[in-house]
Every structure is written in C-alpha cells, then in structure tokens.
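Since this is a predicted model, take the numbers as computed values, not measurements. No hydrogens, no waters, no symmetry mates; every other heavy atom, side chains included, goes into these values. Order of listing sets the numbers, starting from 1, for every ligand and every atom in it.
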Amino acid sequence: MKLLPNPFRALIIGSSGTIGSAFIDLLQKTVSCSDVVGVHRHSEYPLDYQDPPSIERCAASLMNEGPFQLIINTIGMLHSSDWMPEKKLEDLNAEQLMELFKVNTIGPGLTIRHFAKLLDPKHSLMVTLSAKVGSIEDNRLGGWYSYRASKAALNMLIKTASIEWTRTKSNTALIAMHPGTVNSRLSKPFRGEQIGRPAIEAATDMFRVIENLEKEDSGMFVTYSGEKLPW
Ligand SMILES: NC(=O)c1ccc[n+]([C@@H]2O[C@H](COP(=O)([O-])OP(=O)(O)OC[C@H]3O[C@@H](n4cnc5c(N)ncnc54)[C@H](OP(=O)(O)O)[C@@H]3O)[C@@H](O)[C@H]2O)c1
C-alpha cells in the first residue's frame with residue numbers, strides 16, 4: 001500500500017537550492033499537497049550545517065507546524081569558492097573532506113534524527129537526496145574523493161536508521177534518492193547547463209517515485225526513475 005496519504009503536508013529542507021525550490025514550486029501546484037513549508041540557511045527558522053545545533057533548533061521551532069507526511073532534504077555540496085572536487089589522490093586534503101562530511105553526511109544525519117519528531121507516525125516518508133557517485137559498487141571512474149565518500153557515509157546512516165525505524169517507526173519509510181544530473185548551481189562547473197535537465201523535471205520525476213513508495217521500500221537507494229541502486 002502506498003505510504004503517502006491524500007491530502008498530505010510537505011516540508012522541504014534546503015528550499016533555497018535549485019532542486020529544493022523546484023520541489024516547492026511543484027508541490028504548490030500538486031492538488032493532493034495541502035501545504036508545503038520550506039526551510040534553509042536564511043529562512044525564518046534557519047538551519048546551517050556548519051552549525052549543527054541549528055538543526056535541532058530549526059526542528060523544534062517547526063513543532064507547531066507538524067506533523068508532515070513528507071519531508072525531503074535537498075541540502076548538499078560538491079564544490080566551494082576555495083576548492084573543486086579532487087581529481088587525484090594528491091588533491092586529497094583534510095579541510096575539504098571535513099567540510100563535505102559536515103554538509104553531506106553529518107548535517108543530513110542529524111536532520112534525520114531531529115526532524116523525525118515532525119513526521120506523522122501513521123504514514124510518512126523522509127527522502128534525503130544522495131548521489132549515484134556515492135555508490136561504492138558503481139564507482140568506475142574514481143576521483144571526487146570527498147563528495148563520493150561523504151555521500152557513501154550518508155547512505156550508510158540512512159540504511160542504518162531505516163533498520164532502527166522498522167522497530168520504532170514502522171509506518172515511515174526512509175529513502176536515499178539520486179536526482180539524476182540536474183542543471184543547478186552544484187553542477188554548473190561540470191557542464192551542468194549542457195548535460196543536466198531542468199530542476200522542475202527532476203522534481204516531477206522524483207515525486208512520481210515518492211508517491212508510489214510503500215513502507216517495505218524503506219532503506220532503499222533509488223533513482224529519480226525508480227531504479228534501485230547498489231550501495
Ligand atoms: N545537481 C545535480 O546534478 C545533482 C546530482 C546528484 C545529486 N545531487 C544532490 O541533490 C541535492 C541538491 O542539489 P542542487 O543541485 O539543488 O544544488 P544547489 O542548487 O547548489 O543547492 C544546494 C542546497 O544546499 C544548501 N546548502 C549548502 N551548504 C549548506 C549548509 N552549510 N547549510 C545548509 N544548507 C546548505 C544550499 O543553501 P544556500 O542556498 O543557502 O547556499 C542549497 O539550498 C544535493 O544533495 C546534491 O548532492 C545533485
């Protein structure tokens with residue numbers, strides 16, 4: 001049985017981002033979505049993954065707005081003004097590794113922990129955007145050490161929490177999702193404009209998959225087209 005009820009209320013984490021804002025636009029037009037709330041670094045209740053206590057504060061501030069039947073976390077980072085993804089082992093450095101783990105692993109992990117309280121215990125879904133390049137088995141090209149490692153570690157947190165939730169939150173599915181290549185700020189330096197599709201298309205594809213998820217799907221690493229990815 002599909003988990004997402006009709007109507008449902010949604011929360012988009014990272015709603016200032018390209019894919020996050022596309023989810024807001026899409027859900028505002030989706031008839032079955034009665035309300036969609038967005039949070040980001042500069043929203044009324046801000047959360048910044050450089051400041052982990054802000055995650056718990058943001059979740060606590062939203063308590064009166066819950067419960068939500070759908071939470072999608074779209075926060076993520078690939079490059080900064082100071083560095084680009086590593087091409088070779090020689091490029092590996094502690095600063096970049098620590099920053100990407102903060103934003104792509106620790107932040108999303110603590111978000112699952114603190115925002116779990118906002119999920120509807122009767123039927124709900126929490127989807128975190130990961131990336132196919134975080135798949136260890138699928139790694140054929142190498143490179144992008146810290147991004148790959150931070151997403152692989154994120155995947156492990158999601159899988160582990162999903163196992164705990166089969167006991168403690170049996171009507172909630174926890175999913176890692178790959179959005180495909182999307183034209184966004186994140187992909188721009190890597191020919192994102194040429195090879196990525198518009199964010200609204202990606203959000204529409206992902207929502208189609210989300211709508212059909214069942215509680216047995218919890219703990220899955222899945223693409224925008226519903227294809228199951230190897231960890
Ligand atoms: N685009 C792709 O081709 C692609 C492919 C695979 C996976 N993904 C994943 O999809 C997700 C969304 O990516 P996107 O393409 O939409 O990228 P984007 O446009 O760069 O958006 C990134 C989002 O993350 C937020 N963010 C970055 N650092 C943060 C921090 N320290 N604290 C809180 N928020 C922070 C940004 O907030 P600000 O607006 O405040 O900067 C923004 O909301 C990411 O997890 C990414 O890894 C994307």
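The hydrophobic cluster containing Leu157, built from Ile/Leu/Val/Met/Phe/Trp/Tyr side-chain heavy atoms closer than 4.5 Å, comprises no other residue.
To the nearest 0.5 Å, atoms CG (Asp82) and CD (Gln96) are separated by 9.5 Å. Separation of atoms CG (Asp51) and NZ (Lys102) is listed at 9.5 Å; rounding is to 0.5 Å.
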* **CA sep, side-chain torsions, deciding dist, call: Asp217, Lys215, salt bridge (charged side-chain N to carboxylate O under 4.0 Å, His left out)** => CA-CA 5 Å; Asp217 296 322; Lys215 72 177 186 201; over 6 Å; no
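Within the structure, side chain to side chain donor-acceptor pair (under 3.5 Å) contacts touching residues 58-79 (residues at least two apart or in different chains) are Tyr49-Asn73, Gln69-Asp120. Applying the ring pair (Phe, Tyr, Trp, His ring centres under 6.0 Å) definition to pairs two or more places apart or across chains, those involving residues 197-231 are Phe8-Phe207, Phe221-Trp231.
Near ligand 1, heavy-atom contacts under 4.0 Å come from Gly14, Ser16, Gly17, Thr18, Ile19, Arg41, Leu47, Asp48, Tyr49, Gln50, Thr74, Ile75, Gly76, Val103, Leu129, Ser130, Ala131, Tyr147, Lys151, His178, Pro179, Gly180, Thr181, Val182, Ser184, Arg185, Leu186, Ser187.
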